[in-house]
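These figures come from a predicted structure and were not determined experimentally. Starting from 1, each residue takes its place in the sequence as its number.
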Amino acid sequence: MNKRHNYALYRNLSLTTLVAVYLLILVGGIVRSTGSGMGCPDWPKCFGSWVPPTDVSQLPSNYKDVYAQKRKQKNERIAGYIGRLGWVNLADRMLNDPAMYVEETFNPVKTWIEYLNRLLGAVIGLLILATAISSLRYWRTDTYLVLFSVAALLLVLVQAWIGSIVVSTNLLPGTITVHMLLAVVIVGLLLYPFLRTYTYTNEPNTSVWQVPQLKWVLWLSIVAMVAQLIMGTQVREELDLLMASLGPQWRSTWESAIGAVFFVHRSFSWIVLLTVAWLCYQTFRPSQKAHLVLKYLSSGLLLAVLLSIVSGVGMSYFGVPPFLQPLHLVLSVIILGIQFSMLLLVSNVQLLPQATPKLEKNLV
């Protein structure tokens with residue numbers, strides 16, 4: 001039987017999981033842009049229930065004090081672990097920063113936005129579990145496929161734990177950046193085994209993937225994009241602080257109040273654009289004879305970068321409209337996903353091993 005059919009179930013499942021992860025990142029951006037991150041003051045439940053309330057009358061009159069106390073008890077446990085790991089200052093802040101125990105007034109819209117975000121996260125967790133389980137049948141023929149799938153599952157568990165810390169610390173700056181970077185790593189862990197299941201990478205003529213100078217430019221663009229993503233997350237954290245301190249009017253004053261990180265982030269987009277434009281130039285040069293897949297990916301990469309810049313300009317000129325923030329975020333992760341895919345291809349990674357007839361028969 002054709003190897004493409006042998007991997008069909010895993011490939012379809014991993015593709016579904018990848019799309020769902022990108023959807024979760026988009027929904028997470030909506031949570032942030034609407035200020036719904038603390039719509040549920042506890043984790044994994046929401047207001048102590050698996051189905052959150054729809055009206056404040058369903059909560060005790062002192063619900064703010066109740067959940068502030070619960071958060072303090074949880075932070076004491078977490079601070080103990082963190083302190084033993086050597087992060088004494090962070091542990092001290094978790095115990096003594098009064099801002100971590102300021103409860104938001106119940107808002108049913110924000111509560112349900114955050115709750116739906118958590119539901120989607122739970123579904124994705126199940127999808128990644130199913131992907132890892134479906135990979136086990138390939139242990140003898142493709143160990144890397146199994147290892148990456150299981151690693152994605154383990155990292156999702158770590159991501160869930162970090163998510164609980166984000167809620168427990170009332171969106172502590174820094175934890176959100178770590179949470180975002182882990183999501184990017186999970187995308188990479190899912191992308192690699194997904195690409196391994198395609199047989200077009202086993203073509204005898206591997207020269208069509210080898211475009212001179214493309215690998216180092218790809219590495220440069222990936223490093224630039226990761227730096228850009230980190231700075232963007234820091235900008236987002238600063239915006240959260242402005243939202244909390246200034247209220248609705250923060251949108252008219254944010255550029256002057258946010259500091260240098262925004263201007264560096266904005267200027268750095270030119271480096272990302274120039275490296276990606278160079279990638280496109282190299283892949284479309286007739287003398288390079290690059291594979292058609294590389295041309296498609298480089299074109300999609302350039303389009304995603306341009307859309308990301310346009311959305312960033314829109315946020316700058318129109319006071320950070322909420323609908324542009326999640327779009328800007330998910331475009332950044334799409335860019336990194338395309339870059340990583342291209343890097344695998346031009347690095348001459350044999351994505352799908354040549355199975356022997358005996359092993360191939362066992363996969364049927």
Side-chain angles (χ1 to χ4, degrees), residues 13-14 16-32 36-52 67 70-82 84-85 87 90-91 94 100 110-135 147-191 193 229 233 236-237 240 326 329-330 333 336-337:
L13 189 56
S14 60
T16 302
T17 305
L18 265 172
V19 173
V21 169
Y22 275 108
L23 179 61
L24 180 62
I25 293 172
L26 177 63
V27 173
I30 294 173
V31 170
R32 297 293 305 283
S36 303
M38 293 303 296
C40 294
D42 48 346
W43 191 96
K45 293 183 178 181
C46 186
F47 287 101
S49 175
W50 292 113
V51 179
Y67 290 105
K70 287 183 177 181
R71 181 180 298 134
K72 187 173 183 179
Q73 293 172 355
K74 184 173 182 177
N75 282 357
E76 288 174 351
R77 295 195 301 270
I78 296 174
Y81 300 140
I82 291 177
R84 286 192 288 272
L85 291 173
W87 297 323
L90 177 58
M94 290 182 65
M100 292 191 184
K110 292 183 177 181
T111 293
W112 277 86
I113 289 175
E114 169 60 13
Y115 180 66
L116 292 175
N117 176 49
R118 294 185 185 186
L119 284 181
L120 180 58
V123 170
I124 289 172
L126 293 175
L127 282 173
I128 293 179
L129 174 62
T131 302
I133 292 174
S134 69
S135 72
L147 292 178
F148 273 78
S149 300
V150 173
L153 175 61
L154 295 177
L155 197 59
V156 163
L157 298 177
V158 175
Q159 180 78 319
W161 180 66
I162 296 294
S164 71
I165 294 178
V166 171
V167 173
S168 182
T169 58
N170 204 354
L171 309 179
L172 175 67
T175 58
I176 298 171
T177 299
V178 173
H179 199 54
M180 184 68 251
L181 290 177
L182 282 178
V184 173
V185 175
I186 290 171
V187 168
L189 289 173
L190 291 171
L191 261 175
L229 182 64
T233 308
R236 181 64 250 184
E237 290 176 353
D240 288 341
L329 173 63
V330 78
V333 185
L336 282 168

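- Taking every heavy atom of both residues into account, V333 and Y22 meet most closely at O-OH, 3.2 Å.
- At distances below 3.5 Å, not a single donor-acceptor pair connects side-chain atoms of Y115 with backbone N or O atoms of K110.
- Between the CD1 atom of I133 and the OG atom of S149 there is a distance of 11.0 Å, given to the nearest 0.5 Å.
- When all heavy atoms of C40 and F47 are compared, the closest pair comes out as CA-CE1, 4.5 Å.
- The two residues I162 and L182 come nearest to each other via the heavy atoms CG1-CD1, 3.8 Å.
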Less than 3.5 Å apart, which donor and acceptor atoms pair up between the side chains of residues 123-131 and the rest of the protein, not counting sequence neighbours?
unit_1: T131; atom_1: OG1; unit_2: T17; atom_2: OG1; d: 3.1
unit_1: T131; atom_1: OG1; unit_2: L127; atom_2: O; d: 2.8

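- Atom CG of L18 and atom CD1 of I186 lie 11.0 Å apart (nearest 0.5 Å).
- T111 and G39 make their closest contact through OG1-O, 2.8 Å (heavy atoms, listed as atom of the first residue, atom of the second, distance).
- Contact detail for A132 and L153: the closest heavy-atom pair is CB-CD2, 4.1 Å.
- Residues passing the side-chain contact (heavy atoms from CB on, under 4.5 Å) test with S134 are Y10, L13, sequence neighbours excluded.
- The distance from atom CG of D42 to atom NZ of K70, rounded to the nearest 0.5 Å, is 6.5 Å.
- Two residues are said to be in side-chain contact when any heavy atoms from C-beta on lie closer than 4.5 Å; L190 and F148 fail this criterion.
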Show your working on side-chain contact (heavy atoms from CB on, under 4.5 Å) between L120 and L23 and close with a plain yes or no.
CA-CA 9 Å; L120 180 58; L23 179 61; 4.0 Å; yes
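- Here the side chain of R118 pairs no donor or acceptor atom with the backbone of I113 at under 3.5 angstrom.
- Taking the side chain as every heavy atom from C-beta outward, V27 and L116 never approach each other to under 4.5 Å.
- Here L181 pairs with T177, L229, I230 under the side-chain contact (heavy atoms from CB on, under 4.5 Å) rule; sequence neighbours left out.
- Summarising the geometry of Q159 relative to H179, their closest heavy-atom pair is NE2-O, 2.9 Å, with the distance given to 0.1 Å.
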Full working for side-chain contact (heavy atoms from CB on, under 4.5 Å) between L329 and I25
CA-CA 8 Å; L329 173 63; I25 293 172; 3.9 Å; yes
